[in-house]
Amino acid sequence: MKPRVLSGMRPTGQLHLGHLVGALANWKKLQDEHDCFFMVADYHALMSEYEHPAQIQEWAHDNVRDWLACGIDPARSVIFRQSDVPEHTELFAILSIITPLGWVERVPTYKEQLREVEGRDLTTYGFLGYPVLQAADILLYRAHAVPVGEDQLPHLELTREIVRRLHALLKVKIFPEPKALLTEASKLMGTDGRKMSKSYGNTLDLSESAETIRTTVQKMFTDPLRIKMTDPGHPEACNVCGYWRTFAPDRAARVWEECRTAARGCVQNKQELAEVLIKTTEPFRMARKRAGNVDRILREGATKARAIAKETMADVKAAFGLVKRSTGPAGKVRPAGKGRSR
Ligand code: TRP
């Protein structure tokens with residue numbers, strides 16, 4: 001049996017090139033050797049966007065369209081929306097019961113977001129539980145591995161701690177302890193050289209028109225030490241040259257050399273890069289035009305996801321004495337011990 005992988009993305013906007021190199025390209029590859037579950041985390045999106053929820057479902061659709069365009073394959077992977085599988089909130093509630101307050105208050109992303117996110121009130125009961133819902137997402141499918149960026153590692157660690165606590169408290173073994181699959185993402189810089197992020201307005205969306213790509217690339221920052229075309233360039237310090245490495249690795253060595261020797265100017269470098277990016281994003285523009293079978297894919301994905309989620313919930317409920325143990329395949333309930341194990 002292939003190891004199982006689950007990952008999720010919050011539908012908080014259109015996807016950009018950073019999502020492609022940071023997550024989607026990796027998801028696509030994982031499909032070959034893993035049993036993959038890819039989830040639209042719309043409850044997680046609501047936790048921060050609850051004041052303006054109108055666009056979330058539009059983005060959810062739009063994001064899935066981009067997933068399909070980049071090769072996430074519904075015949076091999078389960079593609080679904082969190083809110084279509086009510087077991088997510090059910091397990092979230094149960095895990096909340098056993099998760100010590102101190103554990104969630106300590107999660108670094110929580111404190112950081114409270115400090116840094118502007119224009120949203122994140123001091124809600126639900127937002128504190130953000131990583132507990134994420135743990136429920138992962139555990140419902142008994143995932144072995146979770147492809148994530150570095151910022152998500154504390155959430156994975158919390159998930160493992162919750163698993164150990166649940167097993168120790170109830171003397172059962174229901175879940176594998178999920179591992180992080182760190183995406184060795186070439187972190188893509190935004191068009192202004194800062195981290196690519198919608199909140200900086202420095203993104204190139206996957207669905208961008210060819211014309212916008214040309215004008216945006218024309219405005220990209222280059223090597224600040226290269227003023228005249230005859231000055232030798234420093235490609236390692238140039239954002240445009242960095243993009244060449246990421247998006248046309250087979251041509252990048254030559255481009256870098258020509259930049260270094262001033263055989264290639266920044267204008268030409270940008271013009272050619274724009275064409276490379278237009279080609280890279282072609283499938284996404286096409287996907288946008290194709291009328292949606294996204295609804296059907298999400299419906300079928302939810303059915304598959306739910307079948308597994310229900311099995312897990314039966315085991316969890318049995319462990320808590322909420323239902324009689326069925327003859328399911330998973331963990332045996334051993335005689336309950338007295339007292340706490342932690
Ligand atoms: N918190 C993740 C992010 O912001 C999204 C997410 C929700 C997720 N549930 C998940 C990622 C489960 C991996 C597994 O990127």
Side-chain angles (χ1 to χ4, degrees), residues 3-16 18-27 30 34-49 56 59-60 63-64 66-67 72 77-85 87-92 95-96 104 107-114 116-117 120 122 126-163 175-183 185 187-188 195-199 301-302 305 308-309 312:
R4 181 168 292 164
V5 151
L6 176 131
S7 199
M9 224 184 252
R10 292 177 311 133
T12 54
Q14 295 204 320
L15 300 187
H16 52 64
H19 293 110
L20 181 64
V21 302
L24 290 174
N26 188 41
W27 287 13
L30 283 169
H34 298 79
D35 177 20
C36 290
F37 286 68
F38 297 121
M39 180 188 78
V40 178
D42 56 343
Y43 277 126
H44 277 109
L46 268 180
M47 283 179 174
S48 57
E49 313 300 317
I56 289 179
W59 283 324
N63 290 178
V64 170
D66 283 342
W67 296 3
I72 306 300
S77 297
V78 179
I79 300 172
F80 70 103
R81 190 175 64 155
Q82 192 179 32
S83 65
D84 284 329
V85 181
E87 285 75 13
H88 285 258
T89 44
E90 194 176 17
L91 184 57
F92 171 45
L95 297 182
S96 296
V104 276
V107 172
T109 49
Y110 178 63
K111 293 186 274 188
E112 192 183 291
Q113 301 252 36
L114 283 191
E116 286 179 15
V117 172
R120 293 177 183 79
L122 297 181
F127 190 68
L128 180 64
Y130 183 108
V132 182
L133 177 59
Q134 186 165 346
D137 298 339
I138 297 163
L139 298 179
L140 258 189
Y141 305 97
R142 302 185 221 240
H144 304 99
V146 184
V148 285
E150 207 164 346
D151 60 313
Q152 297 289 311
L153 289 181
H155 296 173
L156 256 290
E157 194 49 45
L158 181 75
T159 304
R160 280 194 295 272
E161 281 177 318
I162 291 175
V163 168
F175 304 110
E177 283 185 30
K179 283 196 305 272
L181 278 185
L182 251 195
T183 319
K187 224 200 227 123
L188 190 69
K195 180 185 150 55
M196 184 173 277
S197 160
K198 192 168 44 110
S199 50
I308 295 165
T312 305

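Source: prediction; values computed, not measured. Remember, it's 1-based here, ligands and their atoms both numbered in the order they're listed.
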Exercise for the section: Enumerate the protein residues lying less than 4.0 Å from ligand 1, judged by heavy-atom distances, in chain and residue-number order. Expected result: Leu6, Ser7, Gly8, Arg10, Met39, Ala41, His44, Tyr130, Gln134, Asp137, Ile138, Val146, Val148, Gln152
Problem - Min side-chain heavy-atom separation Val40-Asn63 under 4.5 Å - result: no
Problem - Rounded distance [0.5 Å steps], NE2 in His155 versus CD1 in Ile138 - result: 9.5 Å
Exercise for the section: Can you establish whether the number of heavy atoms outside Glu150 located under 6.0 Å from its atom CD is more than 12? Expected result: no
Problem - Heavy-atom side-chain contact between Gln152 and Val146 under 4.5 Å - result: no
Handout entry: Heavy-atom side-chain proximity of Ile308 to Phe37 below 4.5 angstrom
Key = yes
Exercise for the section: State which residues pass side-chain hydrogen bond (donor to acceptor under 3.5 Å, both in side chains) with Tyr141; sequence neighbours excluded, sorted by chain then number. Expected result: His88
